[in-house]
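Start at 1 and go down the list; that is how both ligands and their atoms are numbered. Positions are given from 1, in the same order as the sequence printed here.
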Amino acid sequence: MNLILYTEMIEKNVSKGIISTYFEKLERNLDLDVAIVGGGPSGIVAAYYLAKAGLKVAQFDRKLSPGGGMWGGAMMFNQIVVQEEALDIVKDFGINYTPYGDGLYVMDSVESTSALLYRAVHEGATIFNCYSVEDVVFKNNVVSGVVVNWTPVLREGLHVDPLNIMAKCVIDGTGHDSEICRTVARKNGIRLATDTGDVIGERSLDVVAGEQEVVNGTKEIYPGLYVCGMAASAVSGTPRMGPIFGGMLMSGKKVAELIISKLK
Ligand code: 48F
């Protein structure tokens, strides 16, 4: 199509299309079944299965490019490893994989991360990038939503109030820092479902224990608040596992299943 003949107002309409549809999207997502904090692999897998089950789910990542620690493989060698137990999830997302022996498979980390993101959004999840979740909505001792602000606002230290987004369930998928669990425990004088009642902090690397424990630790950690991925390891004090991603994928699927069985 000849854009010059198309309309003399095309400049204005480019802006109008973006603004009006963006605010419609934001408004549609003010009241969610599930708010996922963090766009790492575990959270994206959760978003996919939750959306596939027909739940209204939005995911918030503070970075311009969601995907967390999956893009970079290990030491920027952009390959990742998964184990046999997670292969069904890999197949659900249509990611190519190559057997490597010992029940391990290798995948291209860029293909893998982009496949997770594409399939989650295509299934109906909404991903908001450049959003930082700085707090939760805490009503009647239940986590009931997230409090969001633009990442650049927080980075610049600007004194600008956030917006509130309500959700029946909130997932902390913020990775090693387990930011949402820390915030909920610190601000509200409550006990999380851990041995100490607080965030214990992740242990040094052990692949076998780390992969098992990240799935075991994926749970409702406080009423309304679930935890998955490295955040689950950090909260419960279990080992990190490095660039093997099967546990992340299985943790994301598990948290989705827990929430689906609660809400459906
Ligand atoms: O850490 P991350 O990739 O999450 P994950 O799903 O996966 C961990 C693995 O990548 C890797 C590993 C695997 O064996 O150990 O580390 O647990 O991604 C977490 C995402 O959360 C975002 C952050 O930008 C990253 O993309 N994030 C963290 N805090 C916030 C947040 C916040 N407060 N608000 C919004 N996004």
Study note, to complete from the structure: Numbered in order shown, the ligand 1 atoms found under 4.0 Å of a heavy atom of Phe60 are 35 (C), 36 (N)
**Study point:** Working for salt bridge (Lys or Arg N to Asp or Glu O under 4.0 Å), residues Asp135 and Lys187
**Key:** CA-CA 9 Å; Asp135 203 347; Lys187 284 196 164 183; 2.7 Å; yes
Practice item. Using a strict cut-off of less than 4.0 Å between a Lys/Arg side-chain nitrogen and an Asp/Glu carboxylate oxygen, indicate whether Arg62 and Glu179 qualify as a salt bridge. Key: yes
**Study point:** Heavy-atom nearest neighbour in the protein, as seen from atom 19 (C) of ligand 1, with distance rounded to 0.1 Å
**Key:** Gly173 O, 3.6 Å
Check your understanding: Which atoms from ligand 1 have a heavy atom of Ser42 less than 4.0 Å away?
Key -> 5 (P), 6 (O), 17 (O)
Review point. What's the verdict on salt bridge (Lys or Arg N to Asp or Glu O under 4.0 Å) for Lys56 and Asp33, showing C-alpha distance, side-chain angles and the deciding distance?
Key: CA-CA 5 Å; Lys56 191 170 159 192; Asp33 291 318; over 6 Å; no
Exercise for review: Hey, could you give me the CG/OH distance between Leu26 and Tyr131, rounded to the nearest 0.5 Å?
Suggested key: 4.5 Å
Practice item. Would you check whether Gly39 reaches within less than 4.0 Å of ligand 1, judged by its heavy atoms? Key: yes
Review point. Of Arg62, Gln59, Met230, which has the heavy atom at the shortest distance from atom 32 (C) of ligand 1?
Key: Arg62
Practice item. Please identify which atoms of ligand 1 are closer than 4.0 Å to at least one heavy atom of Met241. Key: 14 (O)
Point to revise | Option of least heavy-atom distance to atom 13 (C) of ligand 1 (set: Gly242, Gly69, Pro66, Ser109) | key: Gly242
**Study point:** ligand 1 contacted by Glu134 (non-hydrogen, < 4.0 Å)
**Key:** no
Revision key, fill the gap. Atom 21 (O) of ligand 1 sits nearest the protein heavy atom Gly38 CA, 3.2 Å
Review point. Can you list the ligand 1 atoms lying under 4.0 Å from a non-hydrogen atom of Gly229?
Key: 17 (O)
Point to revise | Within-shell test, Arg240 vs ligand 1, heavy atom, strictly < 4.0 Å | key: no
Review point. What's the shortest distance from atom 1 (O) of ligand 1 to any protein heavy atom, and which residue and atom give it?
Key: Gly175 CA, 3.5 Å
Review point. Heavy atoms only: which of Leu116, Ile36, Asp61 is nearest to atom 25 (C) of ligand 1?
Key: Asp61
Review point. Nearest protein heavy-atom contact for atom 9 (C) of ligand 1: which residue, which atom, what distance?
Key: Phe245 CE2, 3.7 Å
Point to revise | Interatomic spacing from OG in Ser178 to CD1 in Ile200 - rounded to 0.5 Å | key: 10.5 Å
**Study point:** Gln79 side-chain N/O to Gly73 backbone N/O, donor-acceptor pair under 3.5 Å
**Key:** no
Check your understanding: Which atoms of ligand 1 have any heavy atom of Ile244 under 4.0 Å away?
Key -> 14 (O)
Check your understanding: Any idea how Phe128 and Tyr22 line up, ring-wise: parallel (<30°), tilted (30 to 60°), or perpendicular (>60°)?
Key -> perpendicular
Check your understanding: Where does the angle between the aromatic ring planes of Tyr48 and Phe93 fall among parallel (under 30°), tilted (30 to 60°) and perpendicular (over 60°)?
Key -> tilted
Review point. Looking at Tyr131, which atoms of ligand 1 are within less than 4.0 Å of one of its heavy atoms?
Key: 35 (C)
Practice item. Enter the distance from Ser112:OG to Leu117:CG here, rounded to the nearest 0.5 Å. Key: 11.0 Å
**Study point:** Atom indices of ligand 1, in the order listed, that fall short of 4.0 Å to a heavy atom of Glu179
**Key:** 29 (N), 32 (C), 33 (N)
Check your understanding: For ligand 1, which atoms, with element, lie under 4.0 Å from some heavy atom of His176?
Key -> 15 (O), 16 (O)
